[in-house]
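We name chains A, B, ... by the order of the sequence lines, and we start the count at 1 in each one.
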Amino acid sequence: MKLYYAGDVHGSEMCWRKFLNAAKFYEADTLIMGGDITGKMMVPIVETADGRHEARVLGRHEIVPSDELEDMEKRIRFNGFYPYRCDRAQYDRMNSDTEYREETFTRLMTDEVRRWIALAEERLAGTGIRCFVMPGNDDEFAIDEALESTTVVNPDNKVVRVGDEAQMLSCSWTNPTPWDSPREEPEEALLERLHGLAAQLDPDIPTIFNLHCPPHGTMLDRAPQLTADLKVVLDGGEPRIVSVGSMAVRTLIEEVQPVLSLHGHIHESKAIAKIGKTTCVNPGSAYSEGVIDGAVIDLRKDRVRSCQLVTG
Amino acid sequence: MATEATGAPEVFARKATGLRREASALDVFIYNTNNQNVGIGVTFMVLLIPALYIGGSMVTATILAGILALPMAGVYAYFAAAMPRSGGDYVYISRTLHPFLGFLSSWNWVVWLVTYTGIPAAYLAQYGLSGLCRELGYVFDSPTLVGYGDNFSRKWWIFVAGSILLTLFAIIFALGTRLYFRIQNVTFAIAMVGVVVGLIVLAFHNHTDTSSGFNAYVHGVGGVDNATASLAKYSNNLGQAGFDLKQTLYAMVWPLFITLYAITSSFIGGEVRNAKRSQFLAMPGSIVYVTILMLLLVLGLNHAAGTTFLGQLGYPLPQDVPSVLGIGNLPTYNEVIATMVRNQGWLVLLLGFTFLFWTYVWLPINFLAATRAVLAWAFDGLFPRKLSEVNDRYHTPIYAIAFIWVLSEICLYLYVDQIFNTLNGIFAWILSFVLCSIAATVFPYRRPDLWKASPWNGSTLGIPNITLLGALATVCLVFCEYWFWYDPVQGFDLWGTTLRWVMAMIVPSAIVVYGIAWFTSKQRGVSVDKVFAEIPPE
């Protein structure tokens, strides 16, 4: 079995399209998206009185005529942001009404995920390529139902079969982060959740972990240390790098010793590491440049024959 | 066409990881300033330009070096804003031109990073400890300490001191970088105090003070009477001709050796807040700052010592220094400043001690950068996977650190044995900068999507601004290459056989490594071409 794994595309349409084409490109039979698929920013494109459209794009105020609107939207999507067409009244309401703004954002994200899944259907249906797409800690619960389709499987919080050769335990939840994102919980609760999932594993079938959060104390979880106000701690002008992964995830890997453990979450910590017999991978992420970081893994029964990090 | 206006709608962010504050403009400015080693740069300029580039103006050469380095810094600042991720030109060139060219540039970088990890290890003894021991010997009237100063100018003393320093840093990095950055923060501040004190001393002294101070000091540490006369005699009363543009351009290679290296923050690009503004301030901005600092030191030395004295001081061949001045090697500009205040022991020691921290400053920076590159190659399958393994306890890549340590030791020896000279690597290193500038020139045409989405996507007369800047940087760098190639002091004609072989083997060795990686990755089921190739989105 040859897997292509990537994660943390954070709304980048370019990365999503590349993900869908990755199986063909690397001659893989299975695609796994490991979470954090939705974007972090909504960019309102407000219609002006003279029929043009204005928005703040990468810090610049731009006003374009209608025939350049699609190009503007494309540029906004390229960086993983969501363009949202509205009139001035809608924009003003979003500005003043937090609940309305959040509802709009969630609806926009869910619609975009539906569109992405439809694209996956269009490209993968009939190819025989298996496709698993899981949310991550940054993804709101509202998108979960949009992830299911006839071609795409959302394996989150389940143990699923990957063909006849392996089973996969997946979990989108992480240990606490400074951002209080939707799917994070204390280490004890996370370990309990993971133990519950591990109880469903068949001991006679090779196991893959697909856990969004990387294990603590490896090269997969190294990130700049932050202060309470989200400022990077610096030593001599350089960020102080510390381990931010989960102890619960590490514990589960040490206990179960799956053949392969796939992770994301920490974009700057692209690495492969061993925990006992388990090969752990975090391909990192550079989604804002339209580049998808991934890993191509050749799995032969109960061993990883090769694991190659790739930049697409 | 998009137009600019005011009062734009704002964007809305939701609660999600990664939206954090990162390294500020000031942080990266300091990072780049530290890598442009003002102390060592001015040491070379003062010892070499008035002596060997007769008619060359240190002031003009410094200004030109600052100006010529600016377009390249602009290119790197642009790329750092357009592709705000760590990795420097490896990322920029791979994405814009071709993965192999990205690797080739990175390979070239690492060859010279390793070389300039070994060379500054030698500087510690050669330019730091030798002067400090002499100054201690003078202040405490101790011939033993003066003797140590002379010893630190000898080949094996330099090698041993350099090896100890390299080993010390390898151990520090194996234990984690946090300790190093704490040390660096403090030592950078100490070194800057020395520069400020030196400038103040220079402002209050004139040629007569310098001459009498130098004579008294050399008499004290070397036993030679009237050292200035001895220097004048040795150099046949070397004087300074009028301004000579050609000699000034040759001399420019020494300040360029400093100003071309204001771009190191591109390697930590992923951690820089508001990259568009911060990187522009940190790269071109730090060049302006460092150029001004070098100019102040040069003007101060011209004022207090004069170019005739400096020319005669730098004139003796290394093997003749003991007979001319009675000491092991030529004093640095800092030691010359110390002679002006020779009767204030605390000030002499302060100058000597603070200067120590300029001498080796490139060593840890280059060591770290080389280790990171090797680690990245190992992950990408270009180097053995073993080199990416990390120590479980300290989370540091100990095999990569050991690998760089061994190579640096070899480079230290090559320098100490005079097979490599100070400037030798810069000519080849600039080729990477040229490649990056060419990448910038074609960037809007090769990666229009990325260019359009970048913060600086403006055009002038229909030509993208980054294309114009890239072309200007390329011209400036090729112009600099000419002067490095024909430099009468360390240019191509003076390269030894070993050095010529090293230079000639850079591209073939990169091809061989890439070829091996291609073969092994093919065995793993992914061709190395595909490791870096862009997946078609449609």
Side-chain angles (χ1 to χ4, degrees), chain A residues 2 14 17-18 21-22 25-26 40-44 46 54-56 58-64 75 78-79 81 91 94 101 105 137-138 177 179-181 219 222 224 226 230-232 234-240 243 267-268 270-272 286 289-290 292 296 298 306 308-312, chain B residues 1-23 27-28 30-31 34 83-86 95 177-178 180-182 184-185 188 268 270-271 276 379-381 385 388 390 395 449-450 452-453 455 521 524-526 530-538:
Chain A
K2 200 169 175 185
M14 177 68 87
R17 287 172 178 269
K18 288 179 175 180
N21 284 357
F25 191 73
Y26 299 112
K40 302 171 184 177
M41 296 261 193
M42 173 169 61
V43 182
V46 181
E54 61 175 334
R56 185 169 289 279
L58 292 172
R60 293 196 326 172
H61 181 200
E62 293 187 11
I63 306 174
V64 296
R75 284 188 287 123
F78 183 90
N79 286 288
F81 303 154
Y91 171 75
M94 280 196 290
R101 181 170 68 236
F105 204 152
N137 68 304
D138 276 341
T177 73
W179 294 274
D180 191 22
S181 57
M219 286 296 279
R222 309 286 287 161
L226 302 178
L230 303 181
K231 194 175 177 187
V232 171
L234 295 166
D235 284 327
E238 272 224 345
R240 181 188 295 173
S243 276
H267 302 180
E268 53 274 77
K270 173 180 181 170
I272 300 169
E289 298 158 42
I292 186 164
V296 179
D298 192 352
S306 72
Q308 178 69 57
L309 298 176
V310 290
T311 299
Chain B
M1 190 67 196
T3 54
E4 300 267 352
T6 53
E10 293 303 319
V11 297
F12 297 123
R14 68 188 179 88
K15 220 181 254 184
T17 50
L19 300 173
R20 61 171 193 235
R21 293 192 224 161
E22 296 155 315
D27 295 325
V28 281
I30 289 170
Y31 187 73
N34 198 19
M83 297 184 222
R85 81 181 291 204
S86 302
R95 303 276 159 80
T177 52
R178 192 182 297 183
Y180 159 67
F181 285 118
R182 282 184 184 161
Q184 182 196 261
N185 229 7
F188 178 67
I268 57 164
E271 305 303 333
K276 177 185 170 186
F379 281 134
D380 289 345
R385 188 59 53 78
S388 69
V390 296
H395 310 302
D449 48 353
L450 211 48
K452 277 185 190 169
S521 62
R524 288 195 208 119
V526 185
K530 286 192 173 175
V531 170
F532 302 106
E534 185 175 13
I535 304 170
E538 300 306 330

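Contact annotation: the side chain of B/Ile535 approaches that of A/Tyr26 to within less than 4.5 Å [non-hydrogen atoms, C-beta and beyond]. The shortest side-chain heavy-atom distance between A/Lys18 and B/Glu534 falls under the 4.5 Å cut-off.
A donor-acceptor contact shorter than 3.5 Å is absent between the side chain of A/Lys40 and the backbone of A/Asp138.
Most heavy-atom pairs under 4.5 Å with chain B, from the set A/Ser243, A/Pro44, A/Ala55: that is A/Pro44. If you tally non-hydrogen atom pairs under 4.5 Å between each of A/Val46, A/Val43, A/Ile292, A/Leu309 and chain B, the highest count goes to A/Leu309. Chosen from A/Met14, A/Met94, A/Arg101, the residue pairing most often with chain B at heavy-atom distances under 4.5 Å is A/Arg101.
Both the backbone and the side chain of A/Ala22 come within less than 4.5 Å of a heavy atom of chain B.
Around atom NZ of A/Lys2, more than 12 heavy atoms belonging to other residues, nucleotides or ligands sit under 6.0 Å away.
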